[in-house]
> 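Take a look at the following structure, please.
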Amino acid sequence: MNLKEQIENLRAELSQHNYNYYVLSQPTISDFEFDAKLKQLQELEAAHPEYFDPASPTQRVGNDITEGFTQVEHKYPMLSLGNTYSEADITDFYNRVVKGLDGEAFELVCELKYDGTSISLTYINGVLERAVTRGDGKKGDDVTNNVRTIRCIPLKLQGNYPAEFEMRGEILMPWKVFEQLNKEREAQEEPLFANPRNAASGTLKMQNSAIVAKRRLDSYLYYMLGEDLPFESHYECLEAAKGYGFKISDAIRKCKTLKEVFDFIKYWDTERKNLPVATDGIVIKVNSFEQQKRLGYTAKSPRWAIAYKFHAERALTRLREVTYQVGRTGVVTPVANLDPVQLSGTVVKRATLHNADIIESLDLHIDDMVYVEKGGEIIPKITEVAVNERFMFAEKIKFIDKCPECGTPLVRMDGEAAHYCPNEDGCPPQIKGKIEHYVSRKAMNIDGLGSEIIDLLYSKGLIDSIADLYTLRVQDIAMLSGLGEKSGKRIVQSIRETVNVPFERVLYAIGIRYVGETVAKKLVQELHSIDKIADATIEELTSIDEIGESIATSVFNYFREQKHIDLIEKLKSFGLKFEIDLSKKENSTNLLEGKSFVVSGVFENFSRDGIKEAIEINGGKNVSSISSKTDYVIAGANMGPAKKEKAASLGIKIIDEQTFIKMITK
């Protein structure tokens, strides 16, 4: 077997395993075996770029940068469906079809209506050529690079497929992924996605396809279009599409009577709650393509299909009080405290009210009877007040005007919905929240300082800002309840090691409003030092890619406060990095290009952050955990046995500090 055949055979084998796992949910090999084969293919493709294939399974991981989306005209318009919430409307639809077909017999196909973002996939000679969003129905955005990362969408088809055709369906974010994403956003005090549909849509339009790949989007496809389709009916074409490798729902039924349609609706109105993705109704289509053509279209939708929307499950309960939470950045969030009520399988006691505008629009009063739904069936929210059950002298709820924690008058910026407490250096939740953010893994990664210990240190008067961490002594920590000298030494040592944390993480850690990890990296890459960032005008800041006016104004205002300048000076005095070492940047190499490293243990010549910086300066990539895609593990003293064992089981090369130094000093 020659090299090209070996690569093609590996691609075909991995594509089949991908299909078995993501479409059929019936894997036939272990993850370890799959990863080993994928790594083998990656190495072969890297060594022989002349055999590059965009449909290779190795192209699923996405790129760091996806160019701006271009508009593509749909070959067939993507129309929306007429919606109904009543069985009477379905009966009317059925009767219109009877009339439109002059009493001719017909079949209906009932399918689940998936609650995602619509996509159109074009395949030419069995290869994914283009993926386009619905857009305005006539043209949409080309999101092919992002769609390639969705593992259940085939890049190359199998079987006897048409030479050119289009598949349409929904891109979805599974419930589990959605919940985890919102937890991460909540921790960063970023706005939560209201539902998986919004999250999927936002993800699909991201400019970084590598991040899209990490979001683990799913997809179900439900319609085939083309000039030379394998069958004359919709249901049979979908069955054929399964054989080509597409993920087609099993929740599809051919019906000949209205009773069968209503039975299908009744069954799935309950059973859909057990699905891993969101659904919001049932789509009913005439099966025959020829009959679809005869029935035709209105200006907005086909006459041969209709969507029945499920009613959102809601419950009636009493609003007892509204309390207010203060976040790390000072944002004040109102929370409705309710009489416990059962909703979608869980007991709901609280619901978010988001901001003052929501409270006002609902016209909430104390002891109101309120209807509660789960937004996207996850986040409880109040949708309506049963006004006819309101007490005559009930007290209207007014958003507070002072911070519930420190009493400072709240402010609301122009164009923003949220109120926030401006007393960032005197408001306890903000002080502790900033310290918790500072010590977090993605910021300074200070080991052993959790929220409970931070709370203890704050209550004892030992810390009042992030700068105070650097004056902590071992005995200060050791005397706290439940801790001892060993914990104190570990925490103090971890604090000392932050002098090696790269500048972009320090900038992210100090907690400037709107400056997340990505923005911090952009600022550091462009301006190189904290002094240049502090001196930059709003115009200079907005000229940086991905920095809009809100972020620029926040950064500019931060450095106009003397207390922030003083904080930076204190942190500088403790030895933290507030600039890029340009000499290192100029001396960067590509010696480690294409190689990924896991760093574990304690080293003689480097701190852990220092060795990671050396990897990046020389073109390598740091990864947090060992997988089959890891090239090297750099092992220092006290490396954990579990990591050694995993590296050995995967055949990953373990090198010591001296070997690494030789690699970068060739």
Side-chain angles (χ1 to χ4, degrees), residues 79-101 105-118 168-172 174-175 195-197 200 218-224 233-239 241-242 247-289 291-292 295 297-298 300-315 342-345 371 373-378 383:
L79 303 178
S80 57
L81 294 179
N83 288 332
T84 177
Y85 290 87
S86 75
E87 292 188 357
D89 286 344
I90 294 176
T91 301
D92 289 344
F93 162 76
Y94 182 87
N95 291 333
R96 287 196 302 272
V97 171
V98 171
K99 185 177 179 181
L101 296 176
F106 62 91
E107 292 177 322
L108 294 172
V109 178
C110 292
E111 310 165 9
L112 287 175
K113 184 176 183 296
Y114 290 99
D115 195 15
T117 185
S118 298
R168 288 183 177 172
E170 295 285 302
I171 304 295
L172 304 151
W175 288 118
N195 50 54
R197 179 185 65 254
D218 200 352
S219 176
Y220 280 95
L221 301 168
Y222 51 63
Y223 198 64
M224 185 186 294
S233 64
H234 169 62
Y235 182 89
E236 283 68 27
C237 277
L238 288 187
E239 288 295 304
K242 289 181 182 179
K247 187 171 184 179
I248 310 293
S249 172
D250 290 327
I252 301 177
R253 182 179 177 186
K254 274 197 293 189
C255 302
K256 293 186 178 180
T257 68
L258 273 175
K259 183 182 182 303
E260 291 176 340
V261 171
F262 293 144
D263 286 346
F264 186 88
I265 289 172
K266 185 177 180 181
Y267 175 81
W268 282 108
D269 195 5
T270 301
E271 190 60 29
R272 68 193 176 96
K273 293 165 188 173
N274 298 319
L275 294 172
V277 294
T279 58
D280 63 351
I282 300 292
V283 176
I284 304 156
K285 301 172 184 171
V286 171
N287 190 27
S288 163
F289 289 142
Q291 289 177 334
Q292 289 181 8
L295 290 165
Y297 299 81
T298 67
K300 294 183 178 179
S301 58
R303 291 191 177 95
W304 43 266
I306 193 170
Y308 172 84
K309 300 290 286 288
F310 294 126
H311 292 276
E313 185 176 345
R314 66 179 188 168
Q342 189 83 13
L343 183 64
S344 295
Y371 288 100
E373 294 180 7
K374 283 192 173 182
E377 299 186 9
I378 289 291
T383 58

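The figures here come from the full heavy-atom set of this structure, side chains too, leaving out hydrogens, waters and symmetry mates.
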> Determine the minimum heavy-atom distance between Leu172 and Ala278, stating which atoms define it.
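Taking Leu172 first and Ala278 second, the nearest heavy atoms are CD2-O, 4.2 Å.
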> Let me see the working for Arg303 and Arg96 under side-chain contact (heavy atoms from CB on, under 4.5 Å), right down to the final yes or no.
CA-CA 9 Å; Arg303 291 191 177 95; Arg96 287 196 302 272; over 6 Å; no
> Could you check Asp250 against Lys242 for salt bridge (Lys or Arg N to Asp or Glu O under 4.0 Å), going step by step and ending with a plain yes or no?
CA-CA 10 Å; Asp250 290 327; Lys242 289 181 182 179; 3.3 Å; yes
> Going by heavy atoms in the side chains, are Phe93 and Leu108 under 4.5 Å from each other?
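Touching, per the 4.5 Å side-chain cut-off.
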> Applying the side chain to side chain donor-acceptor pair (under 3.5 Å) test to His234, which of Gln292, Glu111, Lys254, Glu107 qualifies?
Glu111
> Who passes salt bridge (charged side-chain N to carboxylate O under 4.0 Å, His left out) against Lys266, sequence neighbours left out?
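Listed in chain order: nothing, the list is empty.
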> On a heavy-atom basis, which atom in Gln342 and which in Ala315 lie closest, and how many Å separate them?
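Answer, listing the atom of Gln342 first, then Ala315: O-CB, 3.9 Å.
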> Quick one: does Leu275's side chain get under 4.5 Å of Leu112's, heavy atoms only?
yes
> For Pro174 and Val277, which heavy atoms make the closest approach, and how far apart are they?
CA-CG1, 3.9 Å
> Is a side-chain donor or acceptor of Asp115 paired with a backbone partner of Asp280 at a separation under 3.5 angstrom?
no
> Give me the atom names and distance for the closest heavy-atom approach of Arg272 to Asp269.
NE-O, 3.3 Å
> For Ser249 versus Tyr114, what's the shortest heavy-atom pair and its separation?
OG-OH, 2.9 Å
> Report the distance from atom OG1 of Thr279 to atom NZ of Lys273, rounding to the nearest 0.5 Å.
10.0 Å
> Are Glu170 and Ser118 close enough that a side-chain donor and a side-chain acceptor fall under 3.5 Å?
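Yes, side-chain donor-acceptor contact under 3.5 Å.
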> Answer whether the closest heavy-atom distance between the side chains of Thr91 and Phe262 falls below 4.5 Å.
yes
> As an exercise, state the distance from OH of Tyr222 to CD1 of Ile248, rounded to the nearest 0.5 Å.
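Reported to 0.5 Å precision, the distance equals 11.0 Å.
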> Within the distance-only criterion (no hydrogens, no angle test), does the side chain of Gln291 pair as donor or acceptor with the backbone N or O of Ala105 below 3.5 angstrom?
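Pair found, side chain donor or acceptor close to backbone of Ala105.
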> What verdict does the side-chain contact (heavy atoms from CB on, under 4.5 Å) test give for Val109 and Leu238, after you've listed the backbone C-alpha separation in whole Å, the side-chain angles of each residue and the deciding distance to 0.1 Å?
CA-CA 11 Å; Val109 178; Leu238 288 187; 5.6 Å; no
> Are side-chain heavy atoms of Ile265 and Ile90 found at a separation under 4.5 Å?
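The answer is yes; the side chains approach within 4.5 Å.
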> Which heavy atom of Ser80 sits nearest a heavy atom of Pro302, and at what distance?
O-CD, 3.7 Å
> Can you find a pair of side-chain heavy atoms, one from Glu271 and one from Asn274, that are under 4.5 Å apart?
yes
> With rounding to the nearest 0.5 Å, note down the distance linking CZ in Arg197 to CD1 in Ile171.
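One finds 15.0 Å between CZ of Arg197 and CD1 of Ile171.
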> Are Tyr94 and Phe106 side-chain neighbours, meaning at least one heavy-atom pair lies under 4.5 Å?
yes
> Nearest 0.5 angstrom please: Ile282 CD1 to Tyr308 OH, how far?
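Taking CD1 in Ile282 and OH in Tyr308, the distance rounds to 9.0 Å.
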> Are Arg253 and Trp268 side-chain neighbours, meaning at least one heavy-atom pair lies under 4.5 Å?
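Arg253 vs Trp268: side chains apart.
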> Starting at CG of Asp92, measure out to CD1 of Ile306 and round the result to the nearest 0.5 Å.
8.5 Å
> Would you check if Phe264 and Ile284 make a side-chain contact, meaning some heavy-atom pair closer than 4.5 Å?
no
> Rounded to the nearest 0.5 Å, how far apart are NZ of Lys309 and CG of Asp89?
13.0 Å
> Taking the six-membered ring of Tyr223 (Phe, Tyr or Trp), confirm whether the NZ or CZ of Arg168 is under 6.0 Å from its centre and within 45° of its axis.
no
